[in-house]
Each structure stands twice: as C-alpha cells, then as structure tokens.
Amino acid sequence: MSSTTAPRLPLCSLVLALFGCIFIAVISANGEYLIGVGSYDMTGPAAGVNMMGYGNLEQNTAGIHFRLRARAFIVAESSDGARFAFVNLDAGMASQLVTIKVLERLKKRYGKVYNEDNVAISGTHTYAGPRGYLHIVQAHDSLKPGSVFINTGINRSPSAYLFNPPEERARYPRDVDMLMTLLKFVDGKTGESIGAFSWFATHGTSMSKDNKLISGDNKVAAARFFEDCFTSTFKKTSTTINHSTKTSKKAQTIKATGGQTCSKTASQGFKVRKNDGSLFVGAFCQSNVGDVSPNVLGAFCTDSGLPCDFNHSSCHGNDLLCVGRGPGTNIIGERQFQKAVNLFTTAKEELSGKIDYQHVYLNFTDIEIGLGGNKVVKTCPAALGPGFAAGTTDGPVLSVFNKINDFWKRVRDFLKKPTRYQVACQQPKAVLLDTACNSSDSNAQVGKADHTIRTRRLLQHSGPHTLSAYIQEFNKLAKAMAQGENIVPKGPSPPDLSSVQLKLLLDPFGDSPPPGVNFGDVKQDIHPPKGGSFNKGNRASATFWSPTPRYDLLTEGTYAVVEMLQRERWIPAYDDDDFSLFFKWGVDNSTFYGSATIEWELPEDASPGVYRLRHFGSTKKTKDSPNTYFTGASSAFTVS
C-alpha cells in the first residue's frame with residue numbers, strides 16, 4: 001500500500017465524560033478496498049491452569065479480571081483479489097499450533113482464500129492469560145467497501161540498554177521506542193469508522209506475578225476503553241433512580257433466588273455488550289516490546305522502600321526483593337487509549353495501492369550473516385540463558401539463575417546436554433537450557449521477530465548475531481516486495497506437534513454440591529455497610545456454591561453479572577468483561593467444595609438504585625455425564 005492525503009469532514013462526534021474522548025468519523029473516503037472487522041471471546045479456563053509469562057508455577061488461574069478476545073481485521077483489493085488478515089490475540093503470544101489449526105478450519109470454510117502467507121496472528125503479550133477462529137469468520141462476513149487511514153505519534157530496561165555498543169545507542173534519542181502507529185478502518189458508504197488498531201511497545205506486566213485472575217492487562221484495558229468510548233449504546237442507559245427510604249425498603253424485600261437450572265446460552269442474554277457484529281473493534285497490538293516495562297514509577301526494594309541497585313536490579317544482592325511499581329493496569333491502559341484517540345481523530349493519510357505480503361520460514365540454527373569487511377558469522381543452535389529464568393523487576397522468579405553454578409549445570413546436562421559448539425557459539429551468553437531441536441523442528445517464522453532480540457548480551461536465542469540475522473532476512477523480504485518478486489522456496493513448514501503435546505491437567509471428573517444445597521445457592525450473601533446503602537468506591541460481594549468453571553468456558557457469555565432493577569425488571573448493568581466486576585473461584589481445603597465469589601467495586605458512573613449480583617455456571621455429575629447449567633442471584637441492595 002502507498003498513502004495519499006484525503007480531506008476529512010466531521011460526521012458525528014461522541015463525548016463521554018468518563019475520559020473526555022471525542023471521535024469524529026471520516027466521511028470523505030475513497031472506498032478503494034474491502035474492509036472487515038471481527039471480535040470473539042477467547043477466554044480460557046478460569047481455574048487451575050498455569051498462567052503464561054512469569055514462569056511462576058504457583059500462578060494458576062482462579063477467576064476473571066476481564067475477558068480475553070481475539071480481534072481480526074481484513075483488507076482486500078476485491079472479492080476475489082489479494083487480501084490480508086491480521087489477528088490480535090489477548091494472549092501472551094501466538095503459537096504455530098494455533099496458526100495451523102486456525103488455517104485448517106478456514107480452509108474448510110473458504111477454500112484457498114486464507115493461508116499461511118496472508119494470515120498473521122499476533123499476541124498482546126499479556127502475562128495474565130492461560131481458543132477460537134470465529135473472529136476471522138466475523139471479519140470475512142462483514143467485508144464492505146471502505147478505506148484505511150494511517151497516523152503516527154510519539155507517546156527497555158535502562159541498565160540493560162547500556163550494554164549495547166555506543167555507536168548503536170548513538171542512533172537513538174531514547175532507550176525506549178515511544179512511537180505509536182494507528183490504522184483506522186472507515187466504511188466507504190456511511191463514512192463511519194468500524195474499527196482501528198495500533199502498535200505500541202510496552203509489556204503486559206501491570207498485573208503482578210501473584211495475580212491469579214485472567215486479564216488482558218494494560219493493552220486490553222486500552223481496547224476496552226476505546227471500544228466502550230466509541231460504542232456508547234452499550235453504556236448504562238438506565239433511568240436514574242433517586243435513592244430514598246422507599247428504595248431501601250424495596251431492596252430489603254428481595255431475597256436471594258437460590259440455585260436454578262438454565263440453558264447453555266442463558267448467560268449470553270445477560271451480556272452488557274452484545275457481540276452481534278455491529279460493535280466497533282479496537283485493538284492495541286504489541287510491537288518491539290523487548291524489556292519495556294509498564295511499571296514506570298521505578299523498581300524499589302520491598303523491605304526498605306529504597307530504589308534498587310541500578311545495574312543489578314537487586315537489593316543487598318537479593319533479586320527477589322527488587323520489584324517494579326505501577327501505576328497500574330487501568331492507568332497505563334488509559335494512557336495508550338488517550339494517544340490512540342488523538343491519532344484516530346487526526347488521521348488524514350489514506351492508504352492506497354496494491355496489497356502485497358511476503359512470508360518465509362527459516363531455520364535459525366545456522367544462518368550465515370555478512371558483516372562489514374567481508375566478515376561472515378553464523379547464528380547458533382537455540383538456547384536459553386540464565387537471565388531468561390531469573391525474571392525481571394516486573395516479576396523476579398529465582399535469583400539463583402543470575403549465574404549458572406555446577407549444580408545447575410548438572411541439571412541442565414541431565415535434561416539435555418548442549419554441545420561444545422553450541423556453548424562456544426552462544427558466548428557471551430551462558431547456556432542454561434539447550435532448546436535446539438532437530439533441523440525439521442527448529443524453524444522460526446521470520447515475521448515473528450520483536451525487540452526481545454535487541455540487547456546483544458541478553459535474550460538472543462540463536463546467539464549473539466540473532467539481531468543481525470533478522471535484519472538481513474527482513475531486508476530480503478522488503479527487497480522482494482519492492483521489486484514485485486516472490487521468494488522461492490518458502491522454507492520448510494513447521495510440523496503439527498499436536499499429537500505429541502503433553503496434557504498435565506486432567507479434565508474435571510464431576511462435581512456435587514454439599515448435602516441440601518444446589519449449585520447457585522448463596523453461601524455468603526451481600527453484607528450491606530452501616531447506613532444500609534453502598535456508595536461509590538465501596539465493594540459489594542456475594543459467594544455462591546459453584547463447581548470449577550472448567551466445565552464450560554461460557555464463551556461470549558459471563559460467569560458474573562450485576563443486575564439493576566428497572567420498573568420491576570432486572571437489567572444487566574455490568575458483567576465479567578467490566579473492570580469493576582471480579583469473578584473469583586476457589587476450593588475449600590477442608591471440605592473440597594468449590595465456591596465462586598463475585599465482587600463489585602462500585603464505579604463512579606454507577607447509577608443510584610437497587611442492584612443484585614448473579615452467577616452463572618456449569619457442572620457434571622460424573623466425567624461422562626452431560627453438562628447441566630445453573631444460575632443464582634443474591635439478595636438485593638441499594639446504591640446511593
């Protein structure tokens with residue numbers, strides 16, 4: 001694609017006081033492409049699954065902070081012309097296995113329209129996430145004439161960055177990439193925007209390594225702000241009910257419902273945001289994240305409160321005491337959101353021209369790289385160093401991995417002893433784990449490079465020349481695209497390893513509630529504060545008897561709902577996709593019965609009135625019996 005400047009005319013604007021956001025749709029669009037967007041729930045098991053990112057074996061899912069989604073964007077030249085699909089997952093990263101399985105399903109549905117060349121799947125890199133391809137289907141089915149606009153604006157570990165050569169550091173004004181790039185999709189017929197996505201580098205580590213609630217972290221917080229701010233219709237449209245003695249008395253008469261059976265899709269009807277394909281889709285994608293931390297207040301010692309040692313990120317020699325500080329998921333998310341709003345409203349540069357893409361697979365074990373002065377170097381068989389296992393100030397794991405002593409060398413060699421060539425080739429990085437595979441299994445997709453490989457002494461998995469190899473191979477791709485050439489051969493495709501995947505977590509084998517109790521019954525009801533009514537900032541909570549949520553993920557549904565009473569009808573006001581509502585699940589260690597706790601931290605935009613908390617779930621009596629579904633609601637309470 002190339003770019004041209006097109007005039008922008010205001011069509012409508014939406015102002016929400018919560019963030020003061022203003023969106024102006026573009027009406028002057030050439031409609032050169034077919035564009036489509038889609039979004040689908042991909043929240044994984046909310047109990048018992050180890051989280052990806054920190055490497056903390058005790059960090060297993062135990063509830064939901066807010067749901068994870070897959071957001072897809074498709075641009076096509078015509079109905080049968082070249083096209084490209086980009087998918088942003090609220091996940092630690094994409095995987096080759098996920099890509100293989102998604103492409104298999106797309107092939108069954110659309111034939112050869114989508115393949116490994118024109119589908120890119122990326123992850124937000126959240127560290128708080130533990131399935132799906134329908135997001136691409138939704139984007140494909142919504143294809144319509146439209147335009148794409150682009151805009152850019154300015155919005156790593158300092159000590160690690162200083163290990164780079166002076167001549168390299170001199171090329172950049174800062175040790176952090178502050179550039180945000182945004183693409184805006186505009187309906188050619190109505191002139192209204194149907195979606196947008198941006199790239200900006202920051203880690204999904206605002207949630208700590210002790211967090212056990214599934215969360216998209218700051219990237220998905222920004223997406224939620226963006227989508228909610230643009231799509232105002234979902235917002236609380238309830239009639240404001242003035243708090244009165246009559247309202248309080250009304251609430252006191254409404255008791256808990258008890259557990260009741262319901263249908264498999266019942267919870268979908270209680271979603272606040274109905275995913276009918278009409279909602280604006282906003283994605284905040286990851287770029288060269290490297291060692292960029294969202295904990296920008298700095299790293300401090302947990303015992304003394306003093307700043308950590310700058311060069312060693314430790315406190316008195318103990319890495320585990322050195323932890324990064326905030327300002328938190330919502331604040332970092334809001335900062336990205338606010339910059340995206342600015343770029344969105346000022347985007348005037350319209351993309352045009354042909355759609356093209358290049359894709360190859362490369363074996364990074366033995367790539368020759370030509371350096372200056374006719375010097376030729378090679379990449380190495382992959383290996384992880386001690387810095388990988390030690391963690392960072394966002395989530396220190398084991399300080400013993402700052403260096404490899406004889407004990408850990410013996411452990412390493414027992415698992416898989418690296419070759420002498422591999423150890424020598426990887427220097428100055430020591431080899432903690434040999435992760436090299438056979439040549440047929442060690443392929444890396446070039447399009448998945450990031451900033452992780454930038455610092456020469458840290459995370460270069462294929463040796464000290466990994467970055468140079470990526471630059472060389474990307475240059476080849478760019479040159480081929482500029483000259484209209486196709487790279488042949490495409491390289492050896494990675495194998496489908498699903499048949500050899502290990503499953504260490506057993507499926508749930510059946511649950512029953514305590515005698516005389518139904519699932520969905522209240523175990524601990526609402527406890528109103530003194531005065532009888534909850535105020536903004538208070539936290540209302542109720543606990544329900546509930547089995548593990550792993551029987552059904554309730555995709556596009558919800559485990560938790562805040563209902564508001566309106567003219568004798570209960571209307572969903574918040575669900576487990578809202579920041580203010582927390583779904584937590586756990587097991588009583590003495591009785592082994594499970595329970596779900598719903599906590600609602602009353603937000604500033606909560607309307608006064610009568611509310612209650614509702615829980616949805618699923619269970620089986622035995623491993624082989626069919627799923628049954630249940631729901632239950634707490635007693636009512638008032639918000640003043």
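In this structure, Phe344 and Phe280 have perpendicular ring planes: the angle between them is above 60°, well past the 30° mark.
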Q: Verify side chain to side chain contact (heavy atoms under 4.5 Å, CB included) between Leu143 and Ile35, making sure each step is shown before the conclusion.
A: CA-CA 5 Å; Leu143 284 170; Ile35 59 173; 5.5 Å; no
Q) Going through the checks in order, is the ring pair (Phe, Tyr, Trp, His ring centres under 6.0 Å) test met by Phe284 and Phe226? A) CA-CA 9 Å; Phe284 285 74; Phe226 203 14; 5.7 Å; yes
Q: Kindly indicate, with the supporting measurements, whether the criterion side chain to side chain contact (heavy atoms under 4.5 Å, CB included) is fulfilled by Phe149 and Leu182.
A: CA-CA 8 Å; Phe149 291 78; Leu182 178 137; over 6 Å; no
Q: Evaluate the salt bridge (Lys or Arg N to Asp or Glu O under 4.0 Å) criterion for residues Arg612 and Glu563: first the C-alpha distance (whole Å), next the side-chain angles of each, then the deciding distance (0.1 Å), finally the verdict.
A: CA-CA 5 Å; Arg612 68 181 181 185; Glu563 296 179 293; 2.8 Å; yes
Q. Between His615 and Thr631, does a side-chain hydrogen bond (donor to acceptor under 3.5 Å, both in side chains) hold up when you go through it step by step?
A. CA-CA 5 Å; His615 170 49; Thr631 185; over 6 Å; no
Q) What's the verdict on side-chain hydrogen bond (donor to acceptor under 3.5 Å, both in side chains) for Asp588 and Ser590, showing C-alpha distance, side-chain angles and the deciding distance? A) CA-CA 6 Å; Asp588 187 293; Ser590 59; 2.4 Å; yes
Q) Passes ring pair (Phe, Tyr, Trp, His ring centres under 6.0 Å), Trp600 versus Tyr611? Steps please. A) CA-CA 11 Å; Trp600 183 37; Tyr611 292 85; 5.0 Å; yes
Q.
Run Ser147 and Tyr33 through side chain to side chain contact (heavy atoms under 4.5 Å, CB included) and show every step you take.
A. CA-CA 6 Å; Ser147 298; Tyr33 303 111; 5.8 Å; no
Q: Run the numbers on Glu227 and Arg71 for salt bridge (Lys or Arg N to Asp or Glu O under 4.0 Å), then give the verdict.
A: CA-CA 12 Å; Glu227 292 173 340; Arg71 296 171 172 87; 2.8 Å; yes
Q.
With side-chain hydrogen bond (donor to acceptor under 3.5 Å, both in side chains) as the criterion, how do Gln59 and Lys212 come out once you've worked through the C-alpha distance, each side chain's angles and the decisive distance to 0.1 Å?
A. CA-CA 6 Å; Gln59 190 187 16; Lys212 296 187 177 182; over 6 Å; no
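With hydrogens and angles left out, the side-chain atoms of Thr346 and Asn151 include a donor and acceptor closer than 3.5 Å. Ser278 and Asp276 form a side-chain donor-acceptor contact under 3.5 Å, judged by distance and modelled atom types alone. For Thr558 and Asp576, the side-chain atoms include at least one donor-acceptor pair closer than 3.5 Å. Counted by atom type alone, Thr543 and Thr597 present one or more donor-acceptor pairs between their side chains at under 3.5 Å. A side-chain N or O of Tyr629 and one of Asp552 form a donor-acceptor pair less than 3.5 Å apart. A donor-acceptor contact under 3.5 angstrom links the side chains of Thr43 and Asp41, judged on distance only. No side-chain donor-acceptor contact under 3.5 Å links Asn88 and Thr124. Inspection of the Thr329 and Asn218 side chains reveals no N or O donor paired with an N or O acceptor under 3.5 Å. Residues Ser640 and Ser533 have side chains that never bring a donor and an acceptor to within less than 3.5 angstrom of each other.
Not a single donor-acceptor pair under 3.5 Å links the side chain of Asp577 to the backbone N or O of Phe66. In this structure a side-chain-to-backbone donor-acceptor pair under 3.5 Å is present from Lys536 to Ala606. Looking only at distances, no side-chain donor or acceptor of Lys271 sits under 3.5 Å from a matching main-chain atom of Glu556. Between the side chain of Thr265 and the backbone N or O of Gln268, no donor-acceptor pair lies under 3.5 Å. Between the side chain of Thr61 and the backbone N or O of Ala47 there is at least one donor-acceptor pair closer than 3.5 Å. Distance alone, capped at 3.5 Å, is enough to place a donor-acceptor pair between the Ser193 side chain and the Phe185 backbone. Judged by distance alone, with hydrogens and angles left aside, the side-chain atoms of Asn211 form a donor-acceptor pair with the main-chain N or O of Leu213 at under 3.5 Å.
Nearest heavy atom pair, residue Gly609 against residue Met564, reads CA-CE, 4.2 Å. Looking at every heavy atom in both residues, Met52 comes nearest to Gly92 through SD-CA, 3.8 Å. Pairing each heavy atom of Ala340 with each of Met180, the nearest pair is N-SD, 3.8 Å. Across all their heavy atoms, Pro294 and Thr205 have their closest contact at CD-OG1, 3.1 Å. Between Pro513 and Phe519, the closest heavy-atom pair is N-CZ, 3.4 Å. Across all non-hydrogen atoms, the minimal contact from Ile526 to Ala542 is CD1-CB, 4.0 Å.
Salt bridge Asp507/Lys623: absent, no basic N to carboxylate O contact under 4.0 Å. Ion pairing between Arg67 and Asp575 fails under the 4.0 Å rule for side-chain N and carboxylate O. Using a cut-off of 4.0 Å between Lys/Arg side-chain N and Asp/Glu carboxylate O, Lys250 and Glu568 are scored as salt-bridged.
If you run side chain to side chain donor-acceptor pair (under 3.5 Å) between Tyr551 and each of Asn627, Asp511, Thr628, only Asp511 comes through. For the side chain to side chain contact (heavy atoms under 4.5 Å, CB included) criterion with Phe197, the lone passing option out of Val37, Leu183, Val281 is Leu183. Applying side chain to side chain donor-acceptor pair (under 3.5 Å) to Ser39 and the options Gln138, Arg69, Arg273 leaves one that passes, Arg69.
Summarising the local packing, NZ of Lys621 is surrounded by 12 or fewer heavy atoms from other residues, nucleotides or ligands at distances under 6.0 Å. Within 6.0 Å of CD in Glu104 there are more than 12 heavy atoms belonging to other residues, nucleotides or ligands.
Between atom CG of residue Leu553 and atom CG of residue Leu68 there is a gap of 11.0 Å, rounded to the nearest 0.5 Å.
At least one side-chain heavy atom of Leu565 sits less than 4.5 Å from a side-chain heavy atom of Trp570. Counting only heavy atoms from C-beta outward, the side chains of Phe337 and Cys229 approach each other to under 4.5 Å. Between Phe270 and Val561, some side-chain heavy-atom pair lies under the 4.5 Å cut-off. In this structure, Val75 and Val148 have side chains that are in contact, with non-hydrogen atoms separated by less than 4.5 Å. Ile254 has its side chain out of reach of Ser635: every pair of non-hydrogen atoms, C-beta onward, lies at least 4.5 Å apart. Under the 4.5 Å side-chain criterion, counting only non-hydrogen atoms from C-beta, Trp585 is not in contact with Ile64.
Taking the six-membered ring for Trp, Phe225 and Phe579 have ring centres closer than 6.0 Å. Residues His65 and Phe583 keep their aromatic ring centres 6.0 Å or farther apart. Separation of the Phe616 and Tyr559 ring centroids does not fall under the 6.0 Å cut-off.
Take Arg539 and apply the salt bridge (Lys or Arg N to Asp or Glu O under 4.0 Å) test, not counting sequence neighbours, and it matches Glu599, Glu601.
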